[in-house]
Structures are given as structure tokens and as C-alpha cells.
Amino acid sequence: MEYNFKEIEEKWQKIWQEKKIFTAEVKSDKPKYYLLEMFPYPSGKIHMGHVRNYTIADVAARYRLMRGFNVLHPMGFDAFGQPAENAAIKNRTRPDIWTHKCIDWMKIELKKMGFSYDWEREVSTCDSSYYKWNQWIFLKMLERGIAYKKASNVNWCPVCETTLANEEVVDGGCWRCYAKVEQKELEQWFLKTTEYKERLLEDLSQLKEWPQRVIAMQTNWLGKSQGVEIYFKLKKDNKTIPVFTTRVDTIFGATYIVLAPEHPLLKSNIKYQISNINEVFDYIEKAQNKTKLERTEKDKTGVEAKGIKAINPVNNEEVPIWIADYVLMEYGTGAIMAVPAHDQRDFLFAKEHSLPMKVVIQPSAVSHQLSANELKEAYEGDGAQINSGEFNGLPNQEAKTKIAEWMEKKGIGKIQEHWRLRDWLISRQRYWGTPIPIIYCQKCGIVPVPFENLPVELPKDAPFTGEGGSPLGKVKEFVNVNCPKCNSPARRETDTMATFFDSSWYFLRFCSARFENGPFDKEKAKYWMPVDQYIGGIEHAILHLLYARFFTKFFKDLGMVSFDEPFCRLLTQGMVLKDGEVMSKSRGNIVDPDSIIKNYGADTLRVFVLFAAPPETELEWDDRGIEGAFRFLNRVWRIKDNLKEKTDGSLAKVMHKTVKKVTEDIENFKFNTAIAALMEFVNAIYQSGADREVFSSLVIMLGPIAPHFSEELWETLGNKESVCKARWPKYDPAFLIEENVTMVVQVNGKIRSKIDVPAGRCEDRLKEIVLSDTALKPWIQGKPFKKFIVVPDKLINIVV
RNA sequence: GGGCAAGUGGUGGAAUGGCAUACACGCAGGACUUAAAAUCCUGUGGCCGUAAGGCUGUGAGGGUUCGACUCCCUCCUUGCCCACCA
């Protein structure tokens, strides 16, 4: 009988569903294993990235199930977001209808891949039974002062007509549509992620099984830096300008200071002292009209604020004050001390505007003293202090601490740390998201929607014209409400939450997906959490993972969970490439998983995706590789018709070796070499023929990798239960012991001979054997042994 | 500019101090077939050699070691992340 993948796959998918093979047990004595993949946005079709991510996870889930774990392997949909709105505008449909249709299509495709999901726990973030709890969490955050509203300059995407979080601005453009991001002053809702910055940084050290680079990226994003805030006084005024520096050792070389164009000093009364005020204001206006990207252009423009001077507090020298847009208001204090001799940006600026330089660090490698006039670029390295008063001669790293302490004592500076992390802006001027549960009342101000009135449901039929801002603002029945406090007419908040809010806690919802008395059942979460293994794309290394960690810490503060970190192990799978490029619609190099399933079956696709590369590295798509995977399965299929009565000893040995290798490889997510070992096993079977026992072990080990295929073979072997319930084969170490071994004989590190000896031979016996080896004679004859190195049962190296 | 990965046959990759290139793709040859496909078997880094065999070989150069794809240093290249971050 031929391998009829189509029939087999449909048959087993049906049986799995009917027998509820993958439903997690509610009460169980087994150890728990929570395996989670990053849930998809329901675009309607799965792509190769999904196939890869979910196949990797599925092998792990099925393997744990076969090893006797109580496995939680859920799936859901990150269903809010802009594409649904765009589709609504384009196709004159409703976002909810469109989204649910997409979810249905997507589920069909996921089921076709044979993934072992517990569909009874499915969640969609766009259902009010889910987003009700978004609103609940938001109100809890409001109670605790973690959610707050403020007016600020925010990133604004003119194309999407919405605000963006800092994390969503990529190269000065919108992460979604790449439009240039503008700055706009708006009243918006924020979450105080900065309140958790220390814990977000410190707890990274708990994440021992996360990829190093994700830890590095998060650390980088949090951006903690140690430095000193230095107070420069104005000459004619006792106003101070604080500046922040990480290089306080260069303070004696500060020859001017620079303010960001948005600096508050320029809005204060001081401006009347500036003699060239028109020029200054001109510059400020120009700078404000620039986008972030334009401001990072290399030429350093700027203007001096004439008529005012500042005093360098360490030497009381008078320094000019400049305004330049290379200084950013968002970072530090919005003002810097400029040390052109030791900072390249300041150097370029000083050259451009003919400002003085002063060398205060002397590199030890240079014999003559550096001079300001000769510098071709700033010297940013280490060295000894010069021109630095009482600190002259000290190594600059040491001076850094000394100067900081000295300044603190004198009250002219303060040791401080600065962070790159900003609070998280969550307001979006969009329709298809969770309504922010707030009511604005003329009398009472900002009034939270009472808990018992949740959810604030999203009206289903908003007008989608694509023009004039959020459709939600146009739905009168939604906007106009009575104030919950005083009952007078009031307005609802019409902004919705950023969708990253939804995905920041879904892993907790899966623990008790239908729970109605809170976002999740504490007891269930206690049992299942934290997630044992999380799998997803590297593109979420910062945003999603940071937000999810932040939410977890917030839940801990609420007493709802008792752990600090939500994900024990993280695996970031590599991308799927075609011809060396990422598969994408715009490049037109998409391979549709559905067509592969049609022509070769899901099991072949799974084998290929697992075999072609280790999970973390990029995977180059190869049509011929698919053929190879298909050929392998057929090769296994044919074994069943030629089973022998009894296997000989050498094959038994191969079997035990294979079981050991495959087990270890699957545990360590090395599926490519696990499959290679199975292929070798199959090659050995073709050489000497297998009996039922040997073949059964092969079928079981293929279970997590090619599940439908293995089920069918398992059934042909006369088994009544699913292969998922089969006992994972054990290897007997006795079979792995070799009686005779081949040892490599090297002379001076080069292989000159091989000898077959009984295992465990001692050094003296080996020496005798080697001396009588004719193949070695030309290399060792007449030369005294300097060393005789033996790696037991493996290798001999003779040094002559 | 800073940080983190990675660099191995014609290709995807294996080996993490001990036989470099497992496994697969491709290619070549053979068997089966009237023939083709499928299948099965054999070979396959480079150079020299009829062969036995020798030399050489993991981005480049140096170091540690009896022994280095693997560890250390310098450099080059590619990818990713961050970035006028003070």
C-alpha cells in the first residue's frame, strides 16, 4: 500500500479531535509542562514563519506528552489591530466580521498542519470576554497610579493617524507603514513602565535559559547609565542649568554648554537677556519642524545665545551657551556640557562653529602632550588627567569617581543614573482595539468606568470612511454617557489601547481561558505558570517580551501571581528565507504552506522545516529539500512490508544508540540532528532488516516529528491506542558498550594509522601494539618517544 | 559609533579540545526496466599519483596545546539590535 498522506492526515486529525488527545488535564499527578508559541495575528493565511515556529513547538509538546507530562499547549489569536480596519474601509465590511472570518480560515490551516493544540482554551483578544479584562487591568493600574494621563510630545504617524509608542518608531518612521513620524503635543494615556525599570533590569539575571542576545537587547533598551548631573549657574542670574554626563572626568575640558531647542530655559524670562533672540527663535522653530530622522543628519547646526553665559562650577570659567538640535530634550536633562577634545560630536560642532577646545585626558601611549590645535578627532579613550586642577595625573577612570564625589561634597553635582526607557504610551486613535474605560465629566473630571459596568463594548457598526480620525468618536451612542459619579451628561474616552496591551498577559488567560471572576484564576495560574518554554520570533525580543514581563511584575504587586518572570525558557526561531531573502509579499518570493501540504502532506513539510536547519538559525527554503523529506518518509513507509522475525545484534546496537541520540537532541531542540540520526537508523535497517520491535521504536520516535504518518504506521503494527500514548523508547546502556574499538594513532598530531583493540586497553599494552604496527614504522623508527598520549578507547598521539 | 551573533565541500548543514565535512540535497556510476519514472546499491573537499599513498584544507594572520572548526589576541566580511543617549 502506498503512502497516501492526504487520506492519513485527514483521518488522524479527525481522531485526535474526537478523542480529545490534546486536552490538558485539569487534575493530574503528572508533572506539568506549559509550552507556548507567540499567538498569531489572524491574517487569514498561515505563512512559512508560522509553520516553522509552530512545528518546532509541536515537536516539543508532543514529545513531553509522550514522556508522561500534563501538557498545556494552547492557541489563540491576537485579533485587534489595524489591518482589520483597513479591510473594513476597503471592502466595506465590519472589522469584527472580517477578523472572525480570518480566524476561521487560519484555524483550518493550523489544523491541517496537525498541531497538537488544546482548542478548548482558544482565546481571541477581540472578544469582549477577553478585552473586558484588559479594561479591568487598566483600571487596576489606574488605582495604583501605574496608568496616568499626561500631555506630552508624542510620536504621531500622519498616515495611520495615530500615536505610536517609542518602541513602535523604527528609524524615525512608523513601524507599520514607514511614514515619517511627527511630534505632536497631545493628552494621552501612559503606563508607568519606568516604575519597574530596576526590576525589569535585575530580573533579567533570572532568565538563564534565554538567548544572550535577547537579554542584551532588553538591557540595551532599558539603557541604564551611571553618571553625574552637574549644575552650571548662569552668570547674571542664579538660575542653574543641570547637565548630565557619563564622562565627569572630562568636566575641566567643558568649553561651552548646549541646550536642546525645546529646553525650558528658552521659554523663561531669561530669553529677554539674549541679544540675538530673533536668530535663536528662528533656529528653534526650524528644529521643531524637523522630523527625528532629519535631526540626526550629520552636519551639526546650532546657534549661540548671545548675551548670556554659564559658569563651569569646577573652575568658575565663563562658558558660552549654544542651542543645537543634536541635543535631545528626551534624554538626560536636555542640556549637555560640551567637551570637544574628548567627544566626537562636540568636536565636530566645535570645528564647525570655531569654539575652543581643551585637552584634559592625556593618552599614555602618546609621548608628547596632545594639543587642542593638532587634534584631528576627539580623543575618547582612557589616559591620565591633565589641566584638571587637583586631579592632574590620576588615571581618568579613577578620577571619574573622585571628581564625582568631590563635586557632590561641594554641592555642584550629583551622582545619578539615567535610563533610556520611557513610560509606555498606550492611547491609539483607532477603532479596532480595546476601548479605554474612562469617562470625562465636566464636573468630576476623569472618571473610571466602575468595574461592574465592564466591559465597555466596542460598538459594532461604526462608520469606516478612512477619513477624519477615529470612527469611534462618530458613534454618538457610544460617546455620550452619563457620569457614573454625578449622572450628568459626559463623554467617553474614544481612544483605544495599543494592541501590545492585549498580548501582555494572554499566557495567563490560557491557564483558565473561560474564567469569569477575573483575568485569570489564581490557582490555575499557580499550577501552570510560569511558561516552561516560549517560542517566537526575534522581532518580539524587545516590545512584547518587555511588556509581558512588566505586566507579570504588576500582577505580582497585586498579589495575583507569586513569580517574577513569566517565561522560563525562550527560543527565538530564525526566519524562513528564499534565495537568501526574507519571504515577503513585496519581494514576491512566498512559498504557500497550503500548496506544499496539498502536494506532499503536512508531515513532509514538518520534516523538511525541522531538518533543514537548527531552530535558531535562518532557514533557506529549498524545493528539492522538500522532495528529500518526502523520500525519507516513503523510505520508512516501505519498511513495514519487509519486517523480519528477529533483528541481529548489530542493529539492536544501532537502535539503542539512536534512541539515546534522538532523545537528547529533542530535549535540546536539536531537531535537525535528531532527524539525521533517524535517517541513519533507517539506512541501517535497509542494510540488515528490522523486526517489529525495532520498527516500533522508529515509529514512536517519529511520532512528534511526523505525527499523522506515525499514527498510521503505529496502527498498522496492531496498536489500538494513539502513538501519543505510546511509551517513549528507553535505551539500554549495556548495548552502547563496545567490546572492540578502533583507535586512531597519530604521530606528532598527524594520523598515521588505526588499530582495532579490545576496549579498555592500558597504556603499556597499547605501546607494544603500536611498536609492532608496520604502518607506523616510517614515522617512528629510530626516533625516541618524547610523549605518549592516550585518550582511552579513542586516540593515541606519539610525540617523537 | 556601541553591543551581539555568525563565517566549514557545488548547496543546506554536522562535529564545542581528540578521525573535519555526519545527515540530506545535487552530481556521477551501477542494478532493475523494452524504455522512462520510481526504487535499491556505490562513489563524491582540493592538489599530486595508474594505484598504494602523500600533501593540503573549516574567512585572514598570530598565540596557547602533544593535539584547535572548537580556547585566546588582532584583523576582514556578513547579519541582527541600539544609536547625535551626552
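The sequence lines fix the lettering, A, B, ..., with proteins before strands; numbering per chain opens at 1.
In this structure, A/K767 satisfies the cation-pi test against A/F788, with its NZ or CZ atom closer than 6.0 Å to the six-membered ring centre and inside 45 degrees of the ring normal.
Using cut-offs of 30° and 60° for the angle between ring planes, the A/F244 and A/H418 rings count as tilted. Under the 30°/60° scheme for interplanar angles, the aromatic rings of A/W322 and A/H353 are found to be tilted.
Evaluation of the side chain to side chain donor-acceptor pair (under 3.5 Å) rule for A/H544 yields A/Y534 as partners, not counting sequence neighbours. Looking at residues two or more places apart in sequence or on another chain, you find a side chain to side chain contact (heavy atoms under 4.5 Å, CB included) between A/R345 and A/K300, A/Y326, A/D343. In this structure, the side chain to side chain contact (heavy atoms under 4.5 Å, CB included) partners of A/M48, at least two apart in sequence or on a different chain, are A/V51, A/V576, A/M583, A/V591, A/P593, A/I596, A/L605, A/W621. Legend: residues meeting side chain to side chain donor-acceptor pair (under 3.5 Å) with A/Y3, ordered by chain and number and at least two apart, are absent.
Among the nucleotides B/G13, B/C40, B/A83, the one closest to any side-chain atom of A/N672 is B/G13. Of all nucleotides listed (B/C19, B/A86, B/A83), B/C19 comes nearest to the side chain of A/I751. Side-chain proximity of A/W779 to B/C55, B/C84, B/A22: nearest is B/C55. For A/R345, the side-chain atoms get nearest to B/A86 when compared with the rest of B/U39, B/G79, B/A86. Side-chain proximity of A/T245 to B/C84, B/C19, B/A86: nearest is B/A86.
Classified by its glycosidic torsion, B/G63 falls in the anti category, the angle being over 90° from 0.
A donor-acceptor contact under 3.5 angstrom links the side chains of A/T301 and A/Y283, judged on distance only. Judged by distance alone, the side chains of A/N396 and A/D382 do bring a donor and an acceptor atom under 3.5 Å apart. In this structure, a donor-acceptor pair under 3.5 Å is absent between the side chains of A/E304 and A/Y256.
Within the structure, a side-chain polar atom (N or O) of A/Y686 is placed less than 4.0 Å from OP1 or OP2 of B/C40. Phosphate proximity of B/C55 to A/R752: present, with a side-chain N or O under 4.0 Å from OP1 or OP2. Taking side-chain N and O atoms only, A/R213 has no distance below 4.0 Å to OP1 or OP2 of B/G79. Residue A/Q218 places no side-chain N or O under 4.0 Å from the OP1 or OP2 atom of B/C81. For A/K661, no side-chain nitrogen or oxygen approaches OP1 or OP2 of B/C23 to under 4.0 Å. The side chain of A/R635 contributes an N or O atom lying less than 4.0 Å from OP1 or OP2 of B/C41.
Within the 4.0 angstrom heavy-atom criterion, only backbone atoms of the sugar-phosphate kind lie near A/K670; the bases stay farther away. Within the nucleic acid shown, A/N220 comes within 4.0 Å of at least one base atom, counting heavy atoms only. Among the heavy atoms of the strands, none lies under 4.0 Å from A/K786. Heavy atoms of A/V243 sit nowhere under 4.0 angstrom from any nucleic acid atom.
Atom P of nucleotide B/G57 and atom NZ of A/K750 are separated by 8 Å, given to the nearest angstrom. Remark: C1' of B/G79 and CG of A/L577 are 10 Å apart, rounded to the nearest angstrom.
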Kindly give the atom pairs (protein nitrogen or oxygen, nucleotide nitrogen or oxygen) under 3.5 Å for nucleotides 25-29 of chain B.
from	atom 1	to	atom 2	distance (Å)
B/C25	OP1	A/R631	NH1	2.9

Between N or O atoms, less than 3.5 Å apart, protein on one side and nucleotides 64-68 of chain B on the other: list the pairs.
from	atom 1	to	atom 2	distance (Å)
B/C66	OP1	A/K787	NZ	2.7
B/C66	O2'	A/N797	ND2	3.2
B/C66	O2	A/N797	ND2	2.5

